[in-house]
Amino acid sequence: MKTILELISTDVKNAFSKCNYSSQYGNVSLSNRPDLCQFQCNGAMIASKTYKKAPIIIANEVVNVLNKCSHIETVSCVMPGFINITLTDKFIINYLNDISKSNNLGCMQIGSDKTIIIDYGGPNVAKPLHIGHLRSAIIGESIKIMARFLGYNVLGDVHLGDWGLQIGLIMAELERRYPDLVYFNSNYTQDYPCEPPFDITELEEIYPSASNFSKTNSLFLKKAKKVTYDFQNGHRGYRALWKHILNVSIADLKKNYSNLNVYFDLWNKESDIQDYIPDVIKSLKDNGLAYISQGALVVDVKEDRDTREMPPCILVKSDGATLYSTTDISTIAERVETYNPDEIIYVVDKRQELHFEQVFRCAKKGKLVPQHTKLTFLGFGTMNGKDGKPFKTRDGGVMRLENLISQVCDEVYNKIKTNKSISATEAKDISNKVGISALKYGDLSNQIAKDYIFDPERFTSFEGNTGPYIQYTAVRIKSILNKFEETNCSYETNNISLQVPKSNSESNLMLTLTQVNDVITDSFIKYCPNKICQYIYDLSNDFNKFYHENRILTEENSLQQLSWIKLLMITEEVLTTCLDLIGIETPDKM
Ligand code: ARG
């Protein structure tokens, strides 16, 4: 279904044409002055340069044509040449009816026949998830849900880091602690045990302690590097131990991500890509791009238009080791071969921008991706503490994701435990749902690339631009609808017709609702979940104003009451769908 802006733009474009101006000047946007009109067109000001005429004259001519349009209530021009438009209530009501009848709030299925891979999450095996992983998970999940809503075939891939030095560090540390384990015995030829020699608690403690130890003990670091090398080259015992590390760690990661309501379609690992590397390297050598420089195999990716430094992309180091970039370039080749995607979106810390620019350029130069495949780097900013520095624990360490989540959920629990109508278990359950949402909303309501301040108090507030405020609005609507249903069991929702709005607050609510398909599509195309957040915040404000001005449940005119009920149903659907799109559940109570 066309968006309401597209529909009016068509009218205005036709009017420009009728007056012998190019139709390109007829684009309409939402009004900057909602007190004067609903929509505006600024095209006359631009056209005046081409046609060497005063904008107000052009605007006047166009307005004269638009005046005859039956669904325009008022149209006028204002100096120096703005065209102000307000639609008839009937048109808005019909449009809202169409939205409520359509399957997906009137959004065009712009993604049908297209495949997108989203590379997000990006955790590393055996390292606890920390707040750095939070943003990737929640932004990626939201982009994934939006794309799916718009008809794309989407695959979310966690791209698990399981191949680097961290594995060697963990195994070297295990060997130091338990030298007698069979995995370290080179004479051992039998099958290895099925049970892992550690649990997740120990595993999570091992990595930080090994990493710290390696910083002060160069012998240990050397050993870890050797272990990494042997492991990568197929050492039997290390490979068996690595399988245990993977299993224990993946089970735990899945649990953590599901607490956040984040679900990946693919659990591919860096290790899965290693078989692709030789072919990729060969092809980059064959087409003359890869060459030896100071012992390393590199590809130049610098372009004339570069204004910043663009070092060559290193594929193989002088000691024969491949790198993060080698894996990422080969992953592109693998994804193209397996899924032939139209786009690959990477949701990664923006500090990795240069790495991805090099990788993308190398993949394109080497023709590892077809022309039509778009490679998108969606770099996100840092989550900071109130001091404006990257968020840390009290003792200056990296905050574990679990602890961060419980901090926010506890904050919500303290707020709702005073509500006597909710049992303690229910309160716990609600505070988990609301807490996670508060965290997600606090994140997604910012532009992706910007740093933001983690502020549990503000995030969990029931007032202002927060997740709980919006959830609370949705819950309020649900509860009015439930109450209405309890006393009116036999009404037919399909037959309810919306009545002409009786107040400004009601017509504002209706107008905001008509924007929904535009906002959703735009948020996806521009990768801006924050646009959805802003929209549902505005919508919640519009709704609450309307709600405070009207007594819906006690309204005596039943046509009027039913019309309001219908308006509430649409508002509820729009709110819950938009919350869904940013990965937020709506509880039944709160
Ligand atoms: N594991 C990486 C890290 O912790 C992030 C992976 C991002 N994705 C990718 N394809 N490189 O920094």
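Note that these values count all heavy atoms, side chains included, but never hydrogens, waters or copies made by symmetry. None of these values were measured; they are calculated from a predicted model.
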Kindly say whether [Y] contributes a backbone atom to a donor-acceptor pair with the side chain of [X] at under 3.5 angstrom?
X: S249; Y: A126; result: yes
X: K526; Y: T521; result: no
X: K440; Y: L260; result: yes
X: S142; Y: L581; result: yes
X: D252; Y: V248; result: no
X: K433; Y: P587; result: no
X: D230; Y: V227; result: no
X: S112; Y: Q109; result: yes
X: N544; Y: S540; result: yes
X: S461; Y: R458; result: no

For the [atom1] atom of [X] and the [atom2] atom of [Y], what is their distance to the nearest 0.5 Å?
X: C107; Y: N517; atom1: SG; atom2: CG; answer: 5.5 Å
X: I138; Y: I436; atom1: CD1; atom2: CD1; answer: 9.0 Å
X: C362; Y: I329; atom1: SG; atom2: CD1; answer: 3.5 Å
X: T512; Y: L509; atom1: OG1; atom2: CG; answer: 6.5 Å
X: Q232; Y: W242; atom1: CD; atom2: CH2; answer: 10.5 Å
X: M569; Y: T571; atom1: CE; atom2: OG1; answer: 10.0 Å

Any side-chain heavy atom of [X] sitting closer than 4.5 Å to one from [Y]?
X: I245; Y: M171; result: yes
X: N530; Y: I448; result: no
X: S325; Y: Q358; result: no
X: P196; Y: N247; result: no
X: S209; Y: R177; result: yes
X: F462; Y: M590; result: yes
X: F231; Y: W163; result: yes
X: I277; Y: Q274; result: yes

Counting only heavy atoms not in [X] (residues, nucleotides, ligands), do more than 12 fall under 6.0 Å from its [atom1]?
X: N233; atom1: CG; result: yes
X: K478; atom1: NZ; result: yes
X: D113; atom1: CG; result: no
X: K415; atom1: NZ; result: yes
X: Y229; atom1: OH; result: no

Aromatic centroids of [Y] and [X] separated by under 6.0 Å:
X: F198; Y: Y178; value: no
X: Y183; Y: H244; value: yes
X: Y346; Y: F377; value: no
X: Y441; Y: Y469; value: no

Practice problem: Given salt bridge (Lys or Arg N to Asp or Glu O under 4.0 Å), test R335 with D119 step by step and report yes or no. | Solution: CA-CA 11 Å; R335 286 173 175 160; D119 181 315; 3.0 Å; yes
Practice problem: With side-chain hydrogen bond (donor to acceptor under 3.5 Å, both in side chains) as the test, would you mind laying out the steps for Q352 and Y324 before giving the verdict? | Solution: CA-CA 11 Å; Q352 294 195 22; Y324 188 44; 2.7 Å; yes
Quiz item: Would R176 count as a cation-pi partner of F213, with NZ or CZ less than 6.0 Å from the six-membered ring centre and within 45° of the ring normal?
Solution: yes
[X]-[Y] side chain donor-acceptor pair, cut-off 3.5 Å:
X: Q407; Y: N403; result: no
X: H133; Y: N256; result: no
X: E173; Y: Y207; result: no
X: T338; Y: E334; result: yes
X: S437; Y: Q471; result: yes
X: S271; Y: D162; result: yes
X: E573; Y: S100; result: no

Practice problem: May I have the step-by-step check of side-chain hydrogen bond (donor to acceptor under 3.5 Å, both in side chains) for N384 and Y452, ending in yes or no? | Solution: CA-CA 6 Å; N384 288 328; Y452 72 92; over 6 Å; no
Exercise. Show the numbers, then the answer: is there a side chain to side chain contact (heavy atoms under 4.5 Å, CB included) between N268 and L160?
Key: CA-CA 6 Å; N268 290 346; L160 192 62; over 6 Å; no
Quiz prompt | Residues L439, T460; criterion side chain to side chain contact (heavy atoms under 4.5 Å, CB included); working and verdict | solution = CA-CA 8 Å; L439 192 58; T460 57; over 6 Å; no
Quiz prompt | Residues Y120, E141; criterion side-chain hydrogen bond (donor to acceptor under 3.5 Å, both in side chains); working and verdict | solution = CA-CA 8 Å; Y120 70 113; E141 187 71 10; 2.6 Å; yes
Quiz prompt | Test applied, side-chain hydrogen bond (donor to acceptor under 3.5 Å, both in side chains); reference residue, T115; option that passes from N153, T373, D342 | solution = N153
Exercise. Give the C-alpha distance, both sets of side-chain angles, the deciding distance and a yes or no for side chain to side chain contact (heavy atoms under 4.5 Å, CB included) between E585 and L579.
Key: CA-CA 7 Å; E585 287 179 287; L579 283 170; over 6 Å; no
Self-check item: K589 and D429: CA distance, side-chain angles, deciding distance, salt bridge (Lys or Arg N to Asp or Glu O under 4.0 Å) verdict
Solution: CA-CA 11 Å; K589 273 195 198 171; D429 183 56; over 6 Å; no
Quiz item: Please walk me through it: do E204 and R400 pass salt bridge (Lys or Arg N to Asp or Glu O under 4.0 Å)?
Solution: CA-CA 11 Å; E204 288 199 334; R400 289 180 61 146; 2.4 Å; yes
Quiz item: Where is the tightest heavy-atom contact between S102 and M1, given as atom of each residue plus distance?
Solution: CB-SD, 4.5 Å
Quiz prompt | Heavy-atom closest pair, residues T228 and G168 | solution = OG1-CA, 3.3 Å
Self-check item: salt bridge (Lys or Arg N to Asp or Glu O under 4.0 Å) between D272 and K269, worked out
Solution: CA-CA 5 Å; D272 297 326; K269 313 181 284 300; 3.3 Å; yes
